[in-house]
Amino acid sequence: MSECVTRLGEEDIKQASYLLAEAFVDSPIYYAIFQGEKEWRMKAMATFFQINLRVMQDRGDVCRLWKSKETGEAETFFMLVPPGIRLSVPTLMYLILILLLPRFGFFFVYRLLCVVFTCEGDEDK
């Protein structure tokens with residue numbers, strides 16, 4: 001049996017981020033961004049997803065986490081971001097310069113932005 005959490009607390013965000021990292025650690029697109037050994041990618045992706053979940057949760061009721069009633073462990077997570085949700089330039093600058101660049105370095109941010117801009121270009125077609 002599971003229960004659904006819609007407003008994620010700090011522990012929920014941590015559990016959801018590890019669930020996401022496990023799901024996407026071998027994904028080609030995330031491998032292109034998070035280059036390195038699998039163990040490092042798992043840790044880095046979990047940190048990245050924690051940042052992402054905190055930012056997106058502030059954009060509205062978009063997160064859902066199902067936790068086991070018996071163990072309290074995360075079982076399923078998804079995030080529905082409505083069309084048109086965009087981060088402001090100041091928010092993007094804060095994310096890049098303050099949160100991502102010091103943790104992951106220039107080349108990580110460069111690879112991330114290349115993927116983001118490529119995907120956004122595909123949405124416009």
Side-chain angles (χ1 to χ4, degrees):
M1 204 64 174
S2 299
E3 65 176 328
C4 180
V5 178
T6 58
R7 184 68 188 166
L8 305 184
E10 228 11 75
E11 185 59 32
D12 298 325
I13 288 174
K14 187 175 180 180
Q15 285 188 24
S17 70
Y18 279 99
L19 198 61
L20 290 168
E22 286 177 3
F24 293 110
V25 71
D26 293 319
S27 165
I29 197 147
Y30 282 105
Y31 186 83
I33 299 168
F34 294 89
Q35 297 174 359
E37 296 296 321
K38 188 171 187 171
E39 185 178 329
W40 180 87
R41 288 194 325 267
M42 277 291 297
K43 290 178 184 176
M45 289 174 70
T47 299
F48 176 78
F49 286 131
Q50 285 179 37
I51 293 167
N52 190 21
L53 293 177
R54 285 186 195 104
V55 169
M56 293 312 295
Q57 184 165 263
D58 291 341
R59 300 293 176 279
D61 188 21
V62 297
C63 299
R64 297 288 183 273
L65 175 68
W66 278 265
K67 297 170 70 169
S68 167
K69 285 187 178 180
E70 291 80 30
T71 65
E73 293 295 314
E75 295 177 335
T76 306
F77 174 81
F78 68 91
M79 181 168 59
L80 297 174
V81 181
I85 294 286
R86 298 275 188 223
L87 298 178
S88 68
V89 172
T91 300
L92 284 173
M93 297 305 291
Y94 173 76
L95 285 171
I96 292 168
L97 296 175
I98 306 300
L99 298 179
L100 297 178
L101 195 58
R103 283 185 175 93
F104 300 111
F106 173 79
F107 291 108
F108 166 84
V109 172
Y110 174 77
R111 291 188 302 268
L112 175 66
L113 292 176
C114 285
V115 168
V116 167
F117 290 134
T118 300
C119 292
E120 284 186 356
D122 290 343
E123 285 179 3
D124 295 335
K125 292 179 182 177

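In this text, all values refer to a predicted model and were calculated from it rather than measured experimentally.
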Checklist entry - Measuring from Leu53:CG to Phe77:CZ, what's the distance to the nearest 0.5 Å? => result 4.5 Å

Checklist outcome for this item: Taken in chain and number order and not counting sequence neighbours, the residues that satisfy salt bridge (Lys or Arg N to Asp or Glu O under 4.0 Å) with Glu37 are none

Sequence neighbours left out, cut at 3.5 Å: what donor-acceptor pairs do the side chains of residues 89-107 make with other protein atoms?
from, atom 1, to, atom 2, distance (Å)
Thr91, OG1, Ser88, OG, 2.9
Arg103, NH1, Leu99, O, 3.0

Item to check | From CZ (Phe49) to CG (Leu20), nearest 0.5 Å | outcome: 5.5 Å

Item to check | salt bridge (Lys or Arg N to Asp or Glu O under 4.0 Å) partners of Glu39, counting only residues at least two apart | outcome: Lys43

Checklist entry - Partners of Asp12 by side-chain hydrogen bond (donor to acceptor under 3.5 Å, both in side chains), sequence neighbours excluded? => result Lys67

Item to check | Pairs touching residues 3-22 that satisfy ring-ring contact (aromatic ring centres under 6.0 Å, His included), sequence neighbours left out | outcome: none

Checklist entry - What's the spacing between Met42 CE and Phe34 CZ if we round to 0.5 Å? => result 11.5 Å

Next on the checklist: Using every non-hydrogen atom in the two residues, find where Gln15 and Gly72 come nearest and quote the distance to one decimal.
Outcome noted: OE1-O, 3.3 Å

Next on the checklist: Rounded to the nearest 0.5 Å, what separates atom CD in Gln50 from atom CG in Leu8?
Outcome noted: 11.5 Å

Next on the checklist: To the nearest 0.5 Å, what is the distance between CD1 on Ile13 and CG on Asn52?
Outcome noted: 10.5 Å

Checklist entry - Distance from Leu112 atom CG to Phe117 atom CZ, nearest 0.5 Å? => result 9.0 Å

Checklist outcome for this item: Closest heavy-atom pair, Gly36 versus Tyr31, reported as atoms and distance to 0.1 Å, is O-CE1, 4.0 Å

Exercise answer: donor-acceptor pairs, residues 21-30 side-chain atoms, under 3.5 Å, sequence neighbours excluded:
from, atom 1, to, atom 2, distance (Å)
Asp26, OD1, Arg41, NH2, 2.9
Asp26, OD2, Lys38, NZ, 3.0

Next on the checklist: Do Val116 and Met56 sit in one hydrophobic cluster, given that two such residues count as connected whenever their side-chain heavy atoms are within less than 4.5 Å of each other, even indirectly?
Outcome noted: yes

